[in-house]
Amino acid sequence: GAFVPNEVFDPSHPTALAIYCSDGRFTNAVEELTEGHLGTRRLDTLTIAGGPALLTHGAAHPAETEVVRRSASFLIKGHHIRQVVMIAHEGCGFYKDRTPQPYAEDRMKAQQLEELQMAARWVRVHHSGLEIRLYYAEYRGERIAFEPIAID
């Protein structure tokens with residue numbers, strides 16, 4: 001038979017959108033960040049390998065960027081989003097795949113931080129009035145730490 005969760009369906013759309021990598025090692029931590037730290041119990045998500053990088057013309061291919069920009073815009077406009085949270089993370093396979101060899105974590109992190117800023121600029125230019133928050137997630141022992149990134 002059908003599985004019926006305990007969660008009661010709420011027909012209203014969330015007002016926050018989280019854009020982050022589809023790496024499942026971070027999913028629960030991202031939900032804890034948005035619910036526990038930012039106070040957003042429900043959120044729309046746009047999770048895809050590379051996350052916010054796909055809003056830029058950096059590591060992403062133009063066709064990837066077009067699809068993710070359209071998807072983000074659809075959610076922002078259609079669901080009346082007020083807050084966008086974008087997260088890049090340490091050891092991202094998307095960046096490892098697209099970073100010139102030899103792979104260097106510090107060079108990759110610098111590119112991720114630059115592309116987070118580019119993604120924030122794109123959102124700001126195309127969707128005014130939103131609260132935008134950027135984070136870089138990194139490992140701290142057995143935990144994940146979300147470092148807030150100031151927007152240029």
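Note that CD1 of Ile149 is 10.0 Å distant from CD of Gln112, once rounded to the nearest 0.5 Å. The distance from atom CD of Glu32 to atom CD1 of Ile144, rounded to the nearest 0.5 Å, is 9.5 Å. In this structure, CG in Leu46 is found 7.0 Å from CG in Leu55, a value given to the nearest 0.5 Å. How far OG of Ser71 is from CG of Leu17: 10.0 Å, rounded to the nearest 0.5 Å.
A 4.5 Å side-chain heavy-atom check between His13 and His80 finds every atom pair outside the cut-off. A heavy-atom distance below 4.5 Å is found between the side chains of Val85 and Ile87. Proximity of Phe146 to Val30: side-chain heavy atoms (C-beta onward) are separated by under 4.5 Å at one or more points. Using a 4.5 Å cut-off on side-chain heavy atoms (C-beta onward), Ile151 and Ile132 make contact. In this structure, the side chains of Thr27 and Tyr20 come closer than 4.5 Å at one or more pairs of heavy atoms. Side-chain contact between Val84 and Glu131: absent, with no pair of heavy atoms (C-beta onward) separated by less than 4.5 Å.
Heavy-atom contacts from other residues, nucleotides or ligands closer than 6.0 Å to CZ of Phe74 number 12 or fewer. Within a 6.0 Å sphere centred on CZ of Arg82, heavy atoms belonging to other residues, nucleotides or ligands number 12 at most.
A salt bridge links Glu138 with Lys109: the closest approach of a Lys/Arg side-chain nitrogen to an acidic carboxylate oxygen falls below 4.0 angstrom. Ion pairing between Arg41 and Glu7 holds under the 4.0 Å rule for side-chain N and carboxylate O. Between Glu147 and Arg140, at least one side-chain nitrogen of the basic residue sits less than 4.0 Å from a carboxylate oxygen of the acidic one, meeting the salt-bridge criterion.
Contact between Ala18 and Leu43 at its shortest, heavy atoms only, is CB-CD1, 3.1 Å. Nearest heavy atoms, Leu75 versus Thr45: CD1-O, 4.3 Å. Closest approach of Ile19 and Pro52 over heavy atoms only: O-CD, 3.6 Å. Scanning all heavy atoms of the two residues, the minimum distance from Cys92 to Met108 falls at N-CE, 3.5 Å. Closest heavy-atom contact between Ala49 and Leu54: O-CD2, 2.8 Å. Here the shortest heavy-atom pairing between Leu130 and Ile81 reads CD2-O, 2.9 Å.
No option in Gln117, Arg69, His57 other than Arg69 meets the side-chain contact (heavy atoms from CB on, under 4.5 Å) test with Trp122.
His127 and Ser73 form a side-chain donor-acceptor contact under 3.5 Å, judged by distance and modelled atom types alone. A side-chain donor from one of Glu115 and Tyr95 sits under 3.5 Å from a side-chain acceptor of the other.
Of the possible polar contacts, one joining the Glu90 side chain to the Tyr139 backbone as a donor-acceptor pair under 3.5 Å is found. In terms of modelled atom types and a separation under 3.5 Å, the side chain of Thr65 and the main chain of Thr56 share a donor-acceptor contact. In this structure a side-chain-to-backbone donor-acceptor pair under 3.5 Å is present from Arg42 to Ser12. A donor-acceptor pair under 3.5 Å is formed between the side chain of Arg98 and the backbone N or O of Ala59.
Aromatic ring orientation, Phe26 versus His89: tilted (interplanar angle from 30° to 60°).
In the hydrophobic clustering of ILVMFWY residues, with side-chain heavy atoms under 4.5 Å counting as a link, Leu113 and Leu134 come out together.
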